[in-house]
Amino acid sequence: MNLIDIKGVSHAYRTPSGPLPVLAGLDLGVPAGTFAAVVGPSGCGKSTLTRLVAGLMIPDTGEVRLHGERVRSPRKTVGMAFQNPVLLEWRTILDNVILPLEIVAPRTSRASRVARAEELLALVGLSGFEGKKPSELSGGMRQRASLCRSIVHKPEVLIMDEPFGALDNFTREDLWQTMRDLRAKEPFTCVLITHDLRESVFLGDQVIVLSGRPARTQRVMPVDLPADRTIDILYEPRAVAMLHDLRDEIRIAQGREGAH
Ligand SMILES: Nc1ncnc2c1ncn2[C@@H]1O[C@H](COP(=O)(O)OP(=O)(O)OP(=O)(O)O)[C@@H](O)[C@H]1O
Ligand SMILES: [Mg+2]
C-alpha cells in the first residue's frame, strides 16, 4: 500500500474574478520510504499539491490519503521544508532544530532533544555550529539546519517545496548528497517539488511530471538508479536519457512541443 495516495484530485481557488481551476485530476502514489520528485511548469499547482498533502487545504473533489486515511485537517506527522529556511533569529541553530520536538513531544527531556538535534546536525556536517545564530551561517548551512529541523521529530512524510532553489549550483549538489545520506540513515517518505530536472533524477525514486494549469499527472517516470548514486551518475547515458525524456515532457506540459 502507498503511504501517500492521491486520486483524482481537482481544486479551484475562489478569486474575485471567479474560480481559478488549479488541479484537475491529479494522481500520485508514494510507497513508504520512497522519494517522489514532482516537476511541472511554473504556476501549474505544485505548491497547492503540498498544501493538500499537509492537510492545510481540502480539495474540491478527489481523495488525499495517508496510510489509507483521508486527510481532512493539518497533520503533525508531516514535516515541511521551503525555499527560504525560516529559522528564528533569536534562537541558536540547536534550539531552532529542537523546536518541532517542543511542539510534538513536549514531555521529552531537554537532554534527549538536544541529543537528537546534535545527532542530526552531525549528519549534515554542522557539528560545532550548534550555538551559532542563523545569521552567522551561510545560505547552504541554514538550509542544512532547516532540513534537520524538518525531520527532527521523525515525520512520516517530508514535503519539500523547492528547498534548494535559492542555492548556487555547487551548494545545491552538496545538499543533494546530504539528502541521500540522510535518507540512508533516517528513512522517510518524501515529496520534493523542484524545477531542477537533474535534482529530480538524482533524488527521486520516481519523477512525476505535472501538466500545465490546471495540473493533472502527465507522466510518472520510475528512476531506476542505485540508491547510493553519486553526482557522476547524472552524466551516464541512462540518466542523460531520462533527462532528455523529462525535458520533452516539460515542453509538452508547457504546450511547446517541437520547440528546442
Ligand atoms: N490562495 C490562493 N488563492 C488564489 N489563487 C491562488 C492561491 N494560491 C495559489 N493561487 C494560484 O494558483 C495557481 C497555482 O499556484 P501554485 O503556487 O500551486 O503553483 P506552483 O506550481 O507552485 O508555482 P511555482 O512554480 O511558481 O512555484 C497560480 O496561478 C497561483 O496564482
Ligand atoms: Mg510553488
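Counting starts at 1 for both ligands and their atoms, following the listed order. Model, not experiment: these values are computed from the prediction.
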Subject >> Residues Met242, Val223; criterion side-chain contact (heavy atoms from CB on, under 4.5 Å); working and verdict >> reply: CA-CA 8 Å; Met242 267 186 255; Val223 181; 4.1 Å; yes
Original post:
For Val152 and Leu99, what are the C-alpha separation, side-chain angles and deciding distance, and is it a side-chain contact (heavy atoms from CB on, under 4.5 Å)?
Top reply: CA-CA 9 Å; Val152 72; Leu99 190 62; over 6 Å; no
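In plain terms, the two heavy atoms of Leu49 and Ile193 that are nearest each other are CD2-CD1, 4.3 Å.
Close approach to Thr48 involves these atoms of ligand 1, each under 4.0 Å from a residue heavy atom: 15 (O), 16 (P), 18 (O). Taking every non-hydrogen atom of Leu20 and a distance limit under 4.0 Å, the qualifying atoms of ligand 1 come out as 11 (C), 12 (O), 29 (O). Residue Arg51 approaches ligand 1 through these ligand atoms, each under 4.0 Å from one of its heavy atoms: 8 (N).
Looking at atom 25 (O) of ligand 1, its nearest protein heavy atom turns out to be Lys46 NZ, 2.8 Å. Of the protein's non-hydrogen atoms, the one nearest atom 17 (O) of ligand 1 is Ser47 CB, 3.5 Å. Closest protein heavy atom to atom 9 (C) of ligand 1: Tyr13 CE1, 3.4 Å. Nearest protein heavy-atom neighbour of atom 19 (O) of ligand 1: Gly45 N, 3.3 Å.
The closest heavy-atom contact to atom 12 (O) of ligand 1, among the options Thr194, Asp161, Val38, Val22, comes from Val22. Among Pro214, Gly212, Gly43, the residue whose heavy atom sits closest to atom 14 (C) of ligand 1 is Gly43.
Annotation: Ser42 places an N or O atom under 3.5 Å from an N or O atom of ligand 1; distance criterion only. No N or O atom of Arg14 sits closer than 3.5 Å to an N or O atom of ligand 1.
Residue-environment remark: NE2 (His244) stays at or below the threshold of 12 foreign heavy atoms within 6.0 Å.
Closer than 4.0 Å to atom 23 (O) of ligand 1 lies at least one heavy atom of the protein. Atom 30 (C) of ligand 1 is not flagged as protein-proximal [any protein heavy atom, distance under 4.0 Å].
At a heavy-atom distance under 4.0 Å, no atom of His195 approaches ligand 1.
Salt-bridge annotation for Asp95 and Arg110: present, with a side-chain N of the basic residue lying under 4.0 Å from a carboxylate O of the acidic one. Between Lys154 and Glu119, no side-chain nitrogen of the basic residue sits less than 4.0 Å from a carboxylate oxygen of the acidic one, so the salt-bridge criterion is not met. For Arg219 and Asp248, the salt-bridge test fails: no basic side-chain N is under 4.0 Å from an acidic carboxylate O.
Residue Ile93 holds its CD1 atom at 4.5 Å from CG of Leu137, rounded to the nearest 0.5 Å.
For residue Thr50, no N/O/S atom approaches the Mg ion (ligand 2) to within less than 2.8 Å.
Checked by atom type, the side-chain pair Asp161/Ser47 shows a donor-acceptor distance below 3.5 Å. Under the 3.5 Å distance criterion, with hydrogens and angles disregarded, a donor-acceptor pair is assigned to the side chains of Ser135 and Glu89.
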